[in-house]
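Everything on this sheet refers to the single structure shown next.
A quick note: this is a predicted structure, and the numbers were derived from the prediction, not measured.
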Amino acid sequence: MTRRSPSAVVQAQLDAYNAKDLDALMSTYALEAAQFALHGDLLARGHAQIRPRYEQRFLEPDLHARLLSRTVLGNFVTDLEIVTRNFPQGQGTVEMLCVYEVVDGRIVRASFATGETRI
């Protein structure tokens, strides 16, 4: 079996996110993967904590991430995205910087920085 490149793994994750395909999205993450606020707190560790985060997010009818740029350095992939979301105040967008570390064809660590929100 051919192992996917780090860029292909992250693209598969983004495609699954936009399709709201929870099983496909989780297949891009290692079983004990961790998600963090960039340079900060642990958000979730392992499928048992990551899966419910996406289940909740996928309830938003307008959820969609648009990739603005991608940089790959070895097994690190950094995406800059504009994410359309449904906020309590209404539909809006938020800038996201997402940094992924991919090992053995799976995301092992993801860190997220949230930029400006526009309603």
What's the spacing between R85 CZ and R57 CZ if we round to 0.5 Å? 3.5 Å
For the side chain of N75 and the backbone of E101, is there at least one donor-acceptor N/O pair under 3.5 Å apart? no
Tell me if the CD atom of Q56 is crowded by more than 12 foreign heavy atoms within 6.0 Å. no
With a 4.5 Å cut-off on side-chain heavy-atom distances among I, L, V, M, F, W and Y, is there a chain of contacts connecting F112 to V108? no
Is it the case that more than 12 heavy atoms not belonging to R109 sit under 6.0 Å from its CZ atom? no
For the pair H47 (side chain) and Y29 (backbone), establish whether a donor and an acceptor sit closer than 3.5 Å, ignoring hydrogens and angles. yes
Taking C-beta and beyond as the side chain, do R66 and T93 meet within less than 4.5 Å on heavy atoms? no
Minimum side-chain heavy-atom gap Y100-Q35 below 4.5 Å: no
Would you compute the distance between atom CG of L25 and atom CZ of F58 and round it to the nearest 0.5 angstrom? 5.0 Å
Hey, any chance V94 and L43 share a hydrophobic cluster, counting ILVMFWY side chains that come within less than 4.5 Å of each other, even indirectly? yes
Any side-chain heavy-atom pair from H64 and V83 closer than 4.5 angstrom? no
Compare all side-chain heavy atoms of Y17 with those of L63 and state whether any distance is below 4.5 angstrom. yes
Which pair of heavy atoms, one from V9 and one from G105, lies closest together, and at what distance? CG2-O, 3.5 Å
What are the two closest non-hydrogen atoms of S111 and L38, and how far apart are they? CB-CD1, 3.6 Å
Neighbour count >12 (heavy atoms, 6.0 Å) for atom CG, L59: yes
Could you check whether any side-chain heavy atom of R51 comes within less than 4.5 Å of a side-chain heavy atom of D23, counting everything from C-beta outward? yes
Correct closest heavy-atom pair for R45 and F36 would be NH2-CZ, 4.2 Å
Could you check if a side-chain atom of R4 sits within less than 4.5 angstrom of a side-chain atom of R106, using non-hydrogen atoms only? yes
Starting at CG of D21, measure out to CD of Q13 and round the result to the nearest 0.5 Å. 12.0 Å
Ignoring hydrogens, what is the shortest heavy-atom contact between A33 and I107? Give both atom names and the distance. CB-O, 3.3 Å
Nearest 0.5 Å, please: how far is CG in L68 from CG in L80? 4.5 Å
Hey, is the main chain of C98 close enough, under 3.5 Å, to the side chain of D79 for a donor-acceptor pair? no
Going by heavy atoms in the side chains, are Q11 and L67 under 4.5 Å from each other? yes
What pair of heavy atoms forms the shortest contact from R53 to A44, and how long is it? CD-CB, 3.4 Å
Rounded to the nearest 0.5 Å, what's the gap from NZ on K20 to OH on Y54? Could you check? 14.0 Å
Distance (rounded to the nearest 0.5 Å) between R3 CZ and D104 CG: 4.5 Å
Linked, directly or transitively: V99 and L14 (ILVMFWY side chains, under 4.5 Å): no
Within the 4.5 Å heavy-atom criterion, are T114 and M96 side-chain neighbours or not? yes
Residue pair V77 / S7: nearest heavy atoms and the distance that separates them: CG2-N, 3.9 Å
